[in-house]
S.K.: 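Structure incoming, see below.
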Amino acid sequence: MKKELGSFVIGDSTKCTGCKACEMACFTVHNQGSNHVGKTVGTVTVPVVPRLFLTKFEYGCMPIQCKHCENAPCLNACTKGAISRIDNQVIVDPEKCIGCKDCMQACPFGAVTLLPYAKDGKVVAQIGSNETRVFASKCDLCKDVPGGPACVRACPHEALRLVDPEAEREEKNIKAAEALLLTKNWR
Amino acid sequence: MNYFVKGNPDLCIGCRTCMIGCVVVHEGKHIFEVDPDSYNFNPRLHMVKTAKISVPVQCKHCENPACMAACPVQAIYQEDHRVLINTDKCIGCKACATACPFGAIDIVSLAGTRQADGSERKVANKCDLCNNIAGGPACVRVCPTQALSLVTEEDLGGAMEKKRMEAARNAYMEIHPQNGG
Amino acid sequence: MALKQVQTTCPYCGAGCQIMFTVDADANKIVEAVPAPGRTNDGTLCLKGHYGWDYLNDPQILTKRLRKPMIRKGGKRSPLEEVSWEEAISYVAKKLSEIKEKYGPDSIMGTGSARGAGNEANYLMQKFMRATIGTNNVDHCARI
Amino acid sequence: MSMGIPEVEDAGCLLCFGYNGADSHPIVARRIVRGRQKGMKIICVDPRVTETARISDIHLQLKGGSNLALVNAMAHVIWEEGLTDDRFIQEHTKGYDEFLKVIEKYTPEYAEPITHIPADMIRQAARMYATTKPAMILYGMGVCQFSQAVDVVKGLANLALMTGNFGGPSMGIGPVRGQNNVQGACDMGALPNSYPGYQNVTVPEIREKFEKAWGVPLSDKVGCPITHVPHRILHEKDEKKRIHAYYIFGEDPAQSDPDLAEVREALDKCDFVVMQDIYMNKTGLYADVILPATAWGENEGVYTCADRGFQRFRKLIEPEGDLKPDWQIIAEISTAMGYPMNYKNTEEIWNEMIDLCPSFAGATYEKLEKYNGVQWPCRDKSMEDKGTPYLHKGGNFATADKKALFYGTDWHPPLEMENDEYPMSLSTVREVGHYSVRTMTGNCRMLRSLEDEPGWVQMNPDDCKRLNLEKGELVKILSKRGYCITRCLPTERVKPGATYMTYQWWIGACNELTLANLDPISNTPEYKYCACRVEKIEDQEWAERHVKELYDDIRVQMGIDTGKGAAS
């Protein structure tokens, strides 16, 4: 049956060591084609722009990324129509983004950040200025990447997980129901 | 303490009358007259059927709700012995659904409401114990086998008190069997 | 709004549950169904008993209510045309009489209905097949 | 049913055989769970884990199509271990010795490879049934929709006779009738072999009684069963026996009968098809005349529920449109054909009927009103006769010498077994929120929202894994006779190799697949067993679109204006 909800990746701070392998993997897969980024350091000619953000906090660290909200504040805030829902996922079109920051302010997770935009191995300049053009960078769930989200695959500690919310809810429902078998005689 | 509805798998026959009862009471009686494509069919409880069990699962209205803690926009709150969602505030981020260990929250579309790009607007949906509805939870009322019941503070507190009395009595009898009936 | 209460038997499974309906007589509409204390259902109803009556409002979800007698005047696959009851009744009577005349009564089959029609209609149907047509070719879908 | 529905919860032991009350009669299932709470023992015989199986003491998850082998083996154990009620057998039955000759070879060990149930489990079940009193048997379509249906019903009756489980409350055997008025249609003689009140058409005295009452000579030949109709239209050589006209009243054979392709061909070839119904349906596509009737809620009368209870149904709202009650349409056609039927209301018809049927004679409208229904037999018009909650009181049966007859038969396998091309078995089951061919419930908003086209095929998760199928995926399911599209539902409640589909769907129409293989006595089709194959559909997007198109096409065919132009 067709999926109704967007999937998303979540991190686990109890496993994360802050190695940033996820950020590198994210940058690499999103720039392989458009910016010729290969497997070695020398091939990187553009700024490293990830779509998830390793975050250190008082008790540890974990990557934070987009939840692909179903009533997405970023999408609703974008007046340029640069953010839309494609196959249940919330996707930014960097070509349309004018860098107005409305989405950044709307997102309660800090999952969107304006970062330099590069094409064909070079950063792109703004029209009428020498300054670098930016775009709202956020997780697109590796929509065009075979094998699914690179961050999940790259993490050496299995600290990232792809969530299918509908399937997960059903699994938890079953556990909750079967727990009733234990409690039914001891209300 | 918060109240909650509990299903008894020994009585449940998996018929899902509760799910429809839930929808009808939340949408209102006009649902039987409106355009068949214009209403929401979003039951707030889910029937689970495995080889061992049939029973509906719904929100337990936890005392330290994980959903509430996970919500980034403070759309979940507690009031009048229940945990409630303000769907106007909800951004559909699924954090509450991920946090809930029972799978009691799902994210549903609301008929007639759209997002900026025209896609469906979906928000969190869960049992509200039929807030503001006379007669209490509809699922309890419509169940043909009386498999559902509302558990209140009194039920739970009273039951615990009784269990403690029983445990104490048993412990005493172990030492003083001669006093037994 | 003139509301009245009418108790009736559920039209679905064979359990024979009693339902109390609240009917808005002015609007000619059902307002609500609640369980009645019947012998078999004891004040309970399943989902069909509770929520299985709004087909009467003809919501046209799957099929459409029939509202007028219709005849395919040009034979099979020709369009159905609405006709008056007089025409429909005399057309059926004429065709059945012709077939009975030509091939005998056992060339006509009739069904009873195990569903909404009720016992009186079933009695008349079998009487019609047996007395009017002259055959015992009458059956219903008890086995289906 | 020999007992009343309320008595179910007071049985000591319930043998629930091929009957899934939770889906077919939730309000009877309620009595079962209440009985369980009161300590009733439950033996459930079903190839699936049903709700009753889940709470049963013993679940005999038998191989589909092995019913009679199991029933005979249980009888064998009861006899072999001396658990019989010998006094009851002696005083109230006949034919016991002949019966023993048949069941002699059905040791549990003999039945084990046929039924796939361990011999010891069969023994335990037989002991539990025979030693817990009172014991009741409920059975459903899991018995009736096999080609060996009547033999199994008699086999179950044998168990009750051997153990003396007849003649009191909460015992005996009960077929739980599926549709609201199946019992009523039978009571009223909508049967090829009997007049109203189960009075046989071949008995001269009875025929004379009806001839006198109706004032015309009547046929002494048993009529054509409904399941023979396609054959009698398509293949009957004798012009006088071929069916030339088909008056279909409140049924939809083009949806509910087995082997739909054959039914459609028959309706197409039949010279004159009259359909009398409330909704447009598939049969209507082949009808020459359509007569619109009032629906439940718009008319009144009497239904008979599964436990022989006559109950009134009443008018709730006024019909809209040019409609007539069913009885009135029939009466007008009859009058136009030269046999006048002049009734003012349903009560007049009812009174004529009860005066011709001794078992119903006392069930007047007055009593139905006053007592909120009456269970037949009700023979006396006096207000004291309030009907009969359970049958065969004191072990007296409705035979000439008041004795019941044992009747033993051998098991034979279903006609169509799994094979290389069609390696799985298919059985049709029921969807709890839908009824019959769905012209009513399919037009109820809530019931349609709960479950809608194209329905589900229930399969074991291992089979799903093997075929690489996920929950909700659209699949193609095929048999020798046809195919349809439905959604995959993996469930551990089903054994590997078996599939189950609910028969209410028009797109997921499982009767495209079923076999018109009939029980020789009851003429019931073998809906519960045929061979099939499930195929994955690679292009799910296409399949979803296709199903939607099929749904739209059906709605247009059924006369709904979908904005694409209505059909004729």
Side-chain angles (χ1 to χ4, degrees), chain B residues 5 7-49 54-58 111-112 130 133-150, chain C residues 1-67 114-116:
Chain B
V5 170
N8 181 346
D10 280 350
L11 294 173
C12 178
I13 57 168
C15 70
R16 293 169 293 169
T17 308
C18 50
M19 290 170 67
I20 300 185
C22 179
V23 171
V24 172
V25 86
H26 285 96
E27 285 286 302
K29 277 174 198 156
H30 71 281
I31 196 168
F32 294 109
E33 285 167 32
V34 297
D35 173 355
D37 296 319
S38 69
Y39 57 81
N40 297 305
F41 191 83
N42 297 327
R44 293 160 188 244
L45 70 177
H46 294 275
M47 182 59 65
V48 173
K49 290 191 193 190
S54 295
V55 79
V57 169
Q58 59 284 85
C130 287
I133 290 162
C139 52
V140 175
R141 282 181 283 143
V142 300
C143 175
T145 59
Q146 290 87 34
L148 291 162
S149 50
L150 179 68
Chain C
M1 197 158 78
L3 293 181
K4 60 173 181 176
Q5 305 263 307
V6 185
Q7 185 179 323
T8 192
T9 306
C10 179
Y12 295 112
C13 81
C17 301
Q18 295 297 305
I19 312 177
M20 185 62 83
F21 278 92
T22 305
V23 179
D24 179 348
D26 297 338
N28 200 30
K29 275 198 170 117
I30 293 171
V31 179
E32 191 180 30
V34 294
R39 178 177 62 82
T40 57
N41 66 313
D42 201 10
T44 58
L45 285 179
C46 78
L47 63 173
K48 292 195 288 293
H50 272 290
Y51 312 111
W53 47 267
D54 58 313
Y55 75 91
L56 286 168
N57 305 337
D58 196 15
Q60 308 199 0
I61 296 169
L62 177 68
T63 59
K64 197 174 168 181
R65 241 343 251 286
L66 298 166
R67 299 287 191 199
R115 313 223 285 267

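Here is the naming used below: chain letters follow the sequence lines, and residue numbers restart at 1 for every chain. These values consider heavy atoms only, across backbone and side chains, with no hydrogens, waters or symmetry-generated copies.
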S.K.: Using 30° and 60° as the class boundaries, would you call the ring planes of C:Trp53 and B:Phe32 parallel, tilted or perpendicular?
M.R.: tilted

S.K.: Could you list the residues that satisfy side-chain contact (heavy atoms from CB on, under 4.5 Å) with C:Cys17, not counting sequence neighbours?
M.R.: C:Cys10, C:Ala15, C:Asn41, C:Leu45, D:Ile27

S.K.: With side-chain contact (heavy atoms from CB on, under 4.5 Å) as the criterion, how do B:Gln146 and C:Thr44 come out once you've worked through the C-alpha distance, each side chain's angles and the decisive distance to 0.1 Å?
M.R.: CA-CA 9 Å; B:Gln146 290 87 34; C:Thr44 58; 3.2 Å; yes

S.K.: What closest approach, in Å, do B:Val142 and C:His50 show between heavy atoms, and which atom pair accounts for it?
M.R.: O-NE2, 3.6 Å

S.K.: If you count heavy-atom pairs under 4.5 Å between each of C:Gly43, C:Gly49, C:Cys46 and chain B, which one has the most?
M.R.: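 Most pairs with chain B among the choices: C:Cys46.
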
S.K.: Using a heavy-atom cutoff of under 4.5 Å, enumerate the residues of residues 22-36 of chain C that contact chain B, numbered in order, or state 'none'.
M.R.: C:Lys29, C:Ile30, C:Val31, C:Glu32

S.K.: At under 4.5 Å between heavy atoms, what parts of residues 20-30 of chain B are in contact with chain C? List them by residue number.
M.R.: B:Ile20, B:Gly21, B:Val24, B:Lys29

S.K.: Chain B contacts: which residues in residues 54-64 of chain C have a non-hydrogen atom closer than 4.5 Å to it?
M.R.: C:Asp54, C:Asn57, C:Pro59, C:Ile61

S.K.: Does the side chain of C:Tyr51 reach to within under 4.5 Å of the side chain of B:Ile31, using non-hydrogen atoms?
M.R.: no

